[in-house]
Engineer: 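Below is one structure. I have some questions about it.
This is a predicted model, so every value here is computed, not measured.
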Amino acid sequence: MAQNENIPAEPGDYQNPEDGLLYCGKCHTKKQVRVELFGKSHTVHCMCACEAEQHRLEEEERKRLERIQQIQRMKAAGLQDPALRSYTFANDKGDNPAMEKARAYVEHWPEFYAQNIGLLLFGKVGTGKSFFAGCIANALLDQGIPVLMTNFSKILNSLSGMFNEDRNKYIDSFNQYSLLIIDDLGIERNTEYALEQVFNVIDSRYRSGKPMIITTNLGLQQMKHPDPSDVAHARIYDRILERCQPIAFTGKNYRTEIAQTNRELLVGLFADSMGGEK
């Protein structure tokens with residue numbers, strides 16, 4: 001004797017006289033199946049084709065929202081300065097030819113990651129190095145790839161007051177990120193302690209086998225040929241140059257250009273305001 005599960009029928013559903021099972025009135029596929037359990041036949045609910053499709057769409061939407069939330073969390077952790085979130089290819093004005101190399105790095109990320117190839121972005125202040133690095137960071141984060149973009153000033157502030165064991169754990173935590181971007185190498189304090197910690201971070205990343213991107217206002221020759229007596233800087237630069245492909249930024253100072261534009265806008269607004277009072 002068959003035991004039937006109480007399955008509510010939707011308008012249009014019908015019982016097929018051939019097998020006595022409930023069918024969907026929309027897609028005309030089964031909403032019931034018979035199963036044998038402990039020697040008894042049971043009629044139980046199953047998803048018809050349109051229910052299965054609806055479930056698939058809902059599951060896709062759930063995963064999509066989860067992925068968006070995950071990326072938002074990753075960006076909050078990896079781009080701790082909110083201003084960096086605007087450093088995107090969508091905001092690139094197209095006047096810096098070096099940006100094509102940033103796009104290529106993202107496009108070929110699996111190969112660069114597998115071969116542990118990073119970048120050394122060097123040049124004068126305001127030439128677009130941080131924007132270049134930020135575009136890479138945001139593009140990879142949008143793909144769900146963990147990226148941390150920070151600088152040694154923040155790192156050194158965080159390390160101050162920590163015991164050696166905690167310092168090591170903190171530095172090792174950077175290696176959970178697939179890409180580590182360190183902005184403005186060379187602006188940190190030039191003390192023996194600071195240089196030791198800079199080396200520890202670079203060396204830890206070097207040994208992790210994962211790529212890093214470094215931006216700096218230092219000259220390439222300065223890094224390739226430091227003062228022979230300056231062993232601290234020499235060993236830092238040596239590891240960076242071994243793993244990072246140099247890219248020169250020799251263009252105009254975009255910060256100066258933006259500041260000039262803002263000044264001109266302010267002067268124009270002020271003049272309009274004064275004209276309106278006449």
Engineer: Could you tell me if Arg235 sits above the aromatic ring of Phe199, with its cationic atom closer than 6.0 Å to the ring centre and no more than 45 degrees from the axis?
Structural biologist: yes
Engineer: Look at the rings of Phe112 and His108 and say which category their plane angle falls in: under 30° parallel, 30 to 60° tilted, over 60° perpendicular.
Structural biologist: perpendicular
Engineer: Measure up the Tyr170 and Phe174 rings against each other and bin them: parallel (under 30°), tilted (30 to 60°), perpendicular (over 60°).
Structural biologist: perpendicular
Engineer: Looking only at heavy atoms, what is the nearest atom pair of Pro211 and Tyr113, with distance?
Structural biologist: CD-CD1, 3.7 Å
Engineer: Please report the closest heavy-atom contact between Glu51 and Cys46, naming both atoms and the distance.
Structural biologist: OE1-O, 3.7 Å
Engineer: Starting at OG of Ser208, measure out to CD1 of Ile171 and round the result to the nearest 0.5 Å.
Structural biologist: 12.5 Å
Engineer: For the side chain of Thr29 and the backbone of Ala49, is there at least one donor-acceptor N/O pair under 3.5 Å apart?
Structural biologist: yes
Engineer: Which pair of heavy atoms, one from Thr150 and one from Ile155, lies closest together, and at what distance?
Structural biologist: CG2-CD1, 3.8 Å
Engineer: Taking only residues two or more places apart in sequence or in another chain, which ones pass salt bridge (charged side-chain N to carboxylate O under 4.0 Å, His left out) with Glu18?
Structural biologist: none
Engineer: Relative to each other, are the rings of Phe249 and Phe132 parallel, tilted or perpendicular (30° and 60° limits)?
Structural biologist: perpendicular
Engineer: How close do Thr216 and Lys129 get, counting heavy atoms only, and between which atoms?
Structural biologist: O-CE, 3.2 Å
Engineer: Are Phe152 and Met162 linked, directly or through intermediate hydrophobic residues, by side-chain heavy-atom contacts shorter than 4.5 Å (ILVMFWY only)?
Structural biologist: yes
Engineer: What residues, two or more places apart in sequence or in another chain, satisfy side chain to side chain contact (heavy atoms under 4.5 Å, CB included) together with Gln70?
Structural biologist: Arg73, Met74
